[in-house]
Amino acid sequence: MKQLIYADYNATTPSPRGHEDQVFEILQASFGSPSSIHHFGREAKRLMEDARENVAKLFGAERKSIVFTSGATESNNFCLKGVVFQHFKKGERPHIVITNSEHSSVHNVAKFLEGYGFCTVTYAPIHSKGFLEKDTLLSAINERTVLVAIIYVNNETGVVNPVEELARAAKGKKPNLHVHVDGVQALGKLDCTWIGRSVIDSVSVSAHKVGGLKGIGCLYKKPEVSLLPLLHGGGHERGWRSGTENMPGIVSFGLRAKAILERKEPLNHLRTLWNHLVERMRVLPGLEIHGDLSRCLPTTLNFTIHGVAGEELMLRFENAGIAVSSGSACLSGGSEPSRVLTAMGYSRDVAANSIRLSFGEGSRIEDAEAILAVVRGFVQKKG
Ligand code: PMP
C-alpha cells in the first residue's frame with residue numbers, strides 16, 4: 001500500500017501512540033462526575049484539577065486562570081461576547097479591534113456582534129507580509145475600544161505576530177482594554193509560559209492541535225478578568241462555563257500539556273525540513289511563498305504556483321498520497337478565496353489557489369522530498 005504523508009498539522013494533529021488508551025484507562029478507574037461530593041466525584045475532581053494544573057503551567061499561570069471549553073472556537077466566542085455583552089448591558093456602545101487576518105472563530109464572532117449592533121468593529125489591516133504593525137493597531141484604538149484580539153501564529157501562513165509588544169502598546173494607549181490572543185497555532189510550538197506574567201488578558205487554545213483529543217480546549221484568562229458566561233446552568237468551572245465536564249478531553253489535555261512542558265526544542269527537526277523545502281521551492285519559476293519567512297514558524301508553508309489552479313494542485317497531492325490543505329483548513333471544500341491572503345493584498349486568483357503545507361512531530365525530511373516531487377512536476381509541466 002502507498003505510504004500516506006500527513007502535511008496538514010495546522011488542521012489537526014495525530015495523538016501519540018497509546019494516548020487514547022491511556023486516557024481510557026485513567027477514566028475506567030475514575031468515572032465519576034467532578035461535581036459529585038462522594039468518593040467517585042472527588043477522585044474525578046482530583047484528576048481534573050491535576051490536568052488544570054498542567055494546562056495552567058503552559059501559560060506560566062495558576063490553576064484558577066484556566067476555564068475548560070470545547071475548544072478554541074468556544075473560547076474565542078466566550079471571550080469576545082463575554083467582554084462586549086458586559087459593556088452593552090451598561091448601555092455603552094463598545095468598539096473592538098481585531099486584525100483582518102483572524103481565524104473565522106474570531107472574525108465571524110466580530111461580524112455577528114457588529115451585525116446585531118452590540119459593538120462596532122475595526123478590522124486592523126495587516127502588513128503585506130502577514131503581520132500586524134504596532135502603529136496600525138494603535139491608530140485603530142479609540143476612546144470606546146474595550147477589546148483587541150490578535151492572532152499569535154497565523155493558521156494559514158505561520159506568520160508570528162509580536163503579541164507581547166502589541167499588547168503592551170495597546171495597554172499603553174488604553175490601560176483598561178482587554179487584550180485577547182488566539183494562541184491555537186502557537187501552543188506546543190512557541191514557549192507560552194511568559195503569558196501569565198504579561199499584560200495579555202486571555203488566550204484561547206485547542207488540545208487537538210497538540211496531540212490531544214478533539215472537542216477540548218480552554219480559555220486562559222487572568223483571574224481578575226470577569227466575562228459574561230456563554231453557557232448558563234449548574235455553575236461548573238466556577239460559574240464560567242456550565243455543563244458536566246468533558247473528562248476524557250480534560251485528562252487528554254492534561255497529559256499533552258505535561259508532555260509539552262517536558263519536551264525541549266520542539267521545532268528543531270522541523271526547521272531542517274522547512275529550510276530544505278523553502279530553499280528548493282523559492283527558486284522554482286512561478287512559485288510564490290506567502291508571508292514573511294523570517295517571521296514564520298517552520299511548521300507552515302503557504303504558496304501558489306501562478307497559472308495553476310489550487311484544485312489541480314490539491315488533486316496532484318491527493319494522488320501522491322499527501323494530505324495538504326487549500327487556504328484555511330476550515331474553508332476546505334469551499335471555493336471562497338482565502339481571507340488572510342486577500343488581507344495581505346493578494347489577488348482573488350492567488351488567494352483562491354493557495355496551498356498550505358503544515359508540519360508537526362511526525363513530519364520527516366522524506367516528506368519534503370515527496371512534496372517537492374509533486375511541485376516540481378507541476379512547474380516543469382507548465383514551464
Ligand atoms: N484559531 C485558530 C488559529 C485555528 O487554527 C483554529 C482551528 N483551525 C481555531 C481557532 C479553532 O479551533 P477549534 O476548531 O478546535 O475550535
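We count ligands from 1, going down the list as the structure has it; atoms in each ligand are counted the same way. Along the sequence shown, residues carry numbers from 1. Small disclaimer: the values here were computed from a predicted structure and weren't measured.
- Applying the side-chain hydrogen bond (donor to acceptor under 3.5 Å, both in side chains) test to pairs two or more places apart or on separate chains, those with a residue in residues 109-124 are His95-Thr122, Glu114-Tyr123, Thr120-Arg144.
- Among Ser206, Ser70, Gly183, the residue whose heavy atom sits closest to atom 15 (O) of ligand 1 is Ser206.
- With a heavy-atom cut-off of 4.0 Å, Asn154 does not touch ligand 1 at all.
- Ligand 1 places these atoms under 4.0 Å from at least one heavy atom of Ile151: 3 (C).
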Using atom types as modelled, flag every donor-acceptor pair under 3.5 Å from a side chain in residues 192-199 to any protein atom, sequence neighbours excluded.
unit_1 : atom_1 : unit_2 : atom_2 : d
Thr193 : OG1    : Asp191 : OD1    : 2.6
Thr193 : OG1    : Asp191 : OD2    : 3.2
Trp194 : NE1    : Asp191 : O      : 2.9
Arg197 : NH1    : Thr193 : O      : 3.4
Ser198 : OG     : Ile195 : O      : 2.8
Ser198 : OG     : Ile200 : N      : 3.1

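- Judged purely by atom type and a 3.5 angstrom limit, Arg52 has no side-chain atom pairing as donor or acceptor with the backbone of Glu62.
- Residue contacts with ligand 1: Ser105 is included, with a non-hydrogen atom under 4.0 Å away.
- In this structure, Phe112 and Phe118 have tilted ring planes: the angle between them lies in the 30° to 60° band.
- Residues Val109 and Leu219 share a hydrophobic cluster, clusters being chains of Ile/Leu/Val/Met/Phe/Trp/Tyr side chains in contact below 4.5 Å.
- By the criterion of a heavy-atom distance under 4.0 Å, both the backbone and the side chain of Thr73 are placed next to ligand 1.
- Between Phe59 and Tyr220, a ring centre-to-centre spacing shorter than 6.0 Å is recorded.
- Proximity of Glu74 to ligand 1 is not established, as no heavy-atom distance is less than 4.0 Å.
- Any N or O atom pair closer than 3.5 Å counts here, and His103 shares at least one such pair with ligand 1.
- For ligand 1, the polar-atom distance check finds an N/O of His208 within less than 3.5 Å of one of the ligand's N/O atoms.
- Side-chain rings of Phe303 and His290 stay apart, their centers remaining 6.0 Å or farther from each other.
- For atom 1 (N) of ligand 1, the candidate residues are Asp182, Asn76, Asn155, Thr69; the nearest heavy-atom contact is made by Asp182.
- Of the heavy atoms in Lys214, none comes closer than 4.0 Å to ligand 1.
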* Criterion side chain to side chain donor-acceptor pair (under 3.5 Å) on Ser354 and Thr304, from CA distance to verdict -> CA-CA 5 Å; Ser354 65; Thr304 36; over 6 Å; no
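- Between Asn10 and ligand 1, no N or O atom pair is found at a separation short of 3.5 Å.
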